[in-house]
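The structure under discussion appears below in the form of structure tokens.
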Number of protein chains: 2
Amino acid sequence: MFELRVTPGGNRPIYRQIIDQVRQAVATGELAVGDALPSVRQLAEELVLNHNTVAKAYAELVREGVLDSRHGRGVFVAKRRRVYSAGERKRRLDQALNVFLSEALTLDYTPQQIEEAVTNWLDQMTTSKAKDSEVD
Amino acid sequence: MFELRVTPGGNRPIYRQIIDQVRQAVATGELAVGDALPSVRQLAEELVLNHNTVAKAYAELVREGVLDSRHGRGVFVAKRRRVYSAGERKRRLDQALNVFLSEALTLDYTPQQIEEAVTNWLDQMTTSKAKDSEVD
DNA sequence: TATAGTGTACTGCTATACGTGGTACACATA
DNA sequence: TATGTGTACCACGTATAGCAGTACACTATA
């Protein structure tokens with residue numbers, strides 16, 4: 001079962017935390033294509049949040065192509081699809097990478113340690129569930 | 001010479017962009033220990049910003065241990081030092097890594113492509129200038 | 001000593017983001 | 001018909017981002 005945890009008052013906004021965790025769950029295969037997510041109000045009640053906050057997170061995930069929403073039915077994990085142009089896609093990766101590496105290097109981790117951490121996480125995230133991902 | 005570029009109205013706050021770029025410049029060695037940074041007002045004028053915005057970015061970098069500020073003299077690249085406990089340090093790395101990987105995987109990059117991108121950037125960032133970093 | 005440049009700390013103001021609370025409507029399903 | 005769904009509002013309070021201006025203490029240099 002898909003579990004979500006959230007910490008209000010953290011450095012990261014609540015709806016962002018939801019986005020991060022859903023992204024990760026989809027990436028690892030913990031949530032498979034077609035799986036239903038908890039309804040807006042149900043998840044809001046679980047996490048003691050306002051339903052608008054949950055809806056905001058879901059809406060962004062739909063915009064990103066991670067989720068599909070069907071009016072009156074619920075929200076579901078979407079079939080993999082590209083929502084950004086090639087340039088925009090690369091631009092977003094570069095920015096994310098730049099932010100991450102600057103942070104890691106500032107924390108005084110060595111390049112070796114960083115590469116190792118990345119590899120470990122990727123292994124951990126992708127070996128848990130088999131996934132078929134065809135990419136150009 | 002150390003150059004900075006900033007885009008207002010972007011998804012990332014201006015003072016954050018300054019922080020990111022200074023972090024990166026220090027990490028790559030483009031800015032060496034002891035180097036002076038542009039003064040608060042000078043940089044503010046260059047970037048057409050308020051000096052408070054620059055001061056805010058510098059203040060955070062001082063808090064992180066990246067910069068030293070000497071009253072009446074200026075701000076300088078600090079000698080490497082740890083400002084976080086071991087636990088906090090790891091916690092921050094994990095969060096940064098989680099955010100980055102979720103983003104990259106959502107963008108539909110494969111683990112192989114991600115590892116390659118990380119390696120390339122680290123090479124590019126660290127081969128430009130030699131750095132001595134002793135880590136436990 | 002006087003002056004200029006430095007970091008720092010305020011106050012006030014505007015705009016935006018975040019989150020809550022409530023209401024309402026259209027859709028789907030049993 | 002009744003219930004649960006996504007979605008779209010509005011109002012409100014709080015926090016963050018950024019600008020503008022002012023002020024003060026420090027440092028260096030003429």
Side-chain angles (χ1 to χ4, degrees), chain A residues 2 4-22 26 31 34-79 95 99, chain B residues 2 4-22 26 31 34-79 95 99:
Chain A
F2 176 56
L4 250 168
R5 283 181 52 250
V6 127
T7 64
N11 43 351
R12 208 157 171 79
I14 297 178
Y15 83 101
R16 275 258 151 249
Q17 298 179 36
I18 297 178
I19 292 173
D20 291 340
Q21 292 178 53
V22 173
V26 172
L31 282 176
D35 279 1
L37 274 80
S39 83
V40 183
R41 292 175 181 80
Q42 177 184 334
L43 183 56
E45 190 175 8
E46 276 180 27
L47 304 179
V48 198
L49 298 178
N50 192 275
H51 62 266
N52 291 323
T53 303
V54 179
K56 184 176 182 178
Y58 281 1
E60 175 146 345
L61 287 165
V62 168
R63 231 176 298 127
E64 289 176 352
V66 177
L67 301 182
D68 268 335
S69 77
R70 276 171 265 178
H71 206 141
R73 298 211 47 211
V75 298
F76 306 84
V77 177
K79 191 160 162 299
Q95 160 152 346
V99 169
Chain B
F2 174 56
L4 249 168
R5 284 182 49 252
V6 128
T7 65
N11 43 350
R12 209 159 170 77
I14 298 178
Y15 84 101
R16 275 258 151 248
Q17 298 179 36
I18 298 177
I19 292 173
D20 291 341
Q21 292 178 52
V22 172
V26 171
L31 282 176
D35 280 0
L37 274 81
S39 82
V40 185
R41 292 175 181 78
Q42 178 185 331
L43 183 55
E45 189 175 9
E46 276 181 27
L47 304 180
V48 198
L49 299 177
N50 191 276
H51 63 267
N52 291 324
T53 303
V54 179
K56 184 176 182 178
Y58 280 0
E60 175 146 346
L61 287 164
V62 168
R63 231 176 299 125
E64 289 177 352
V66 177
L67 301 182
D68 268 336
S69 76
R70 275 171 265 178
H71 207 141
R73 297 212 46 209
V75 299
F76 307 84
V77 177
K79 191 162 163 298
Q95 160 151 346
V99 169

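Keep in mind that the numbers below use all heavy atoms, side chains included, and drop hydrogens, waters and symmetry copies. Here is the naming used below: chain letters follow the sequence lines, and residue numbers restart at 1 for every chain.
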Check your understanding: B:N11 has an atom CG; how far is it from atom C1' of C:dA17, in whole Å?
Key -> 14 Å

Review point. Any side-chain N or O of B:K56 less than 4.0 Å from the OP1 or OP2 oxygen of D:dG18?
Key: no

Check your understanding: Does B:S69 put a side-chain nitrogen or oxygen below 4.0 Å from OP1 or OP2 of C:dT8?
Key -> yes

Point to revise | Residue of the set A:L67, A:L61, A:V62 for which side-chain contact (heavy atoms from CB on, under 4.5 Å) holds with A:E64 | key: A:L61

Study note, to complete from the structure: Atom CD1 of A:I14 and atom P of D:dA15 are separated, to the nearest Å, by 14 Å

Check nucleotides 27-29 of chain D for protein N or O atoms closer than 3.5 Å to its own N or O atoms and list the pairs.
none

**Study point:** Spacing between B:L43 atom CG and C:dT8 atom P, to the nearest angstrom
**Key:** 14 Å

Exercise for review: Check whether any side-chain nitrogen or oxygen of A:T53 sits under 4.0 Å from OP1 or OP2 of C:dT20, and answer yes or no.
Suggested key: yes

Check your understanding: What nucleotide, of C:dC18, D:dT5, D:dC19, holds the atom closest to the side chain of A:R41?
Key -> D:dT5

**Study point:** Options C:dG19, C:dG22, C:dG7, nucleotide nearest the side-chain atoms of A:H51
**Key:** C:dG22

Check your understanding: Does C:dT6 have OP1 or OP2 sitting under 4.0 Å from an N or O in the side chain of B:S39?
Key -> yes

Review point. Closer to the 5' end of DNA chain C via nearest nucleotide, is it B:L37 or A:R16?
Key: B:L37

**Study point:** Comparing B:Y15 and B:N50 on DNA chain D - which has the more 5′ nearest nucleotide
**Key:** B:Y15

Review point. Out of C:dG7, C:dG19, D:dT5, which nucleotide sits closest to the side chain of B:V40?
Key: C:dG7

**Study point:** Minimum-distance nucleotide (side-chain atoms of B:N52 versus C:dG7, D:dG21, C:dG19)
**Key:** D:dG21

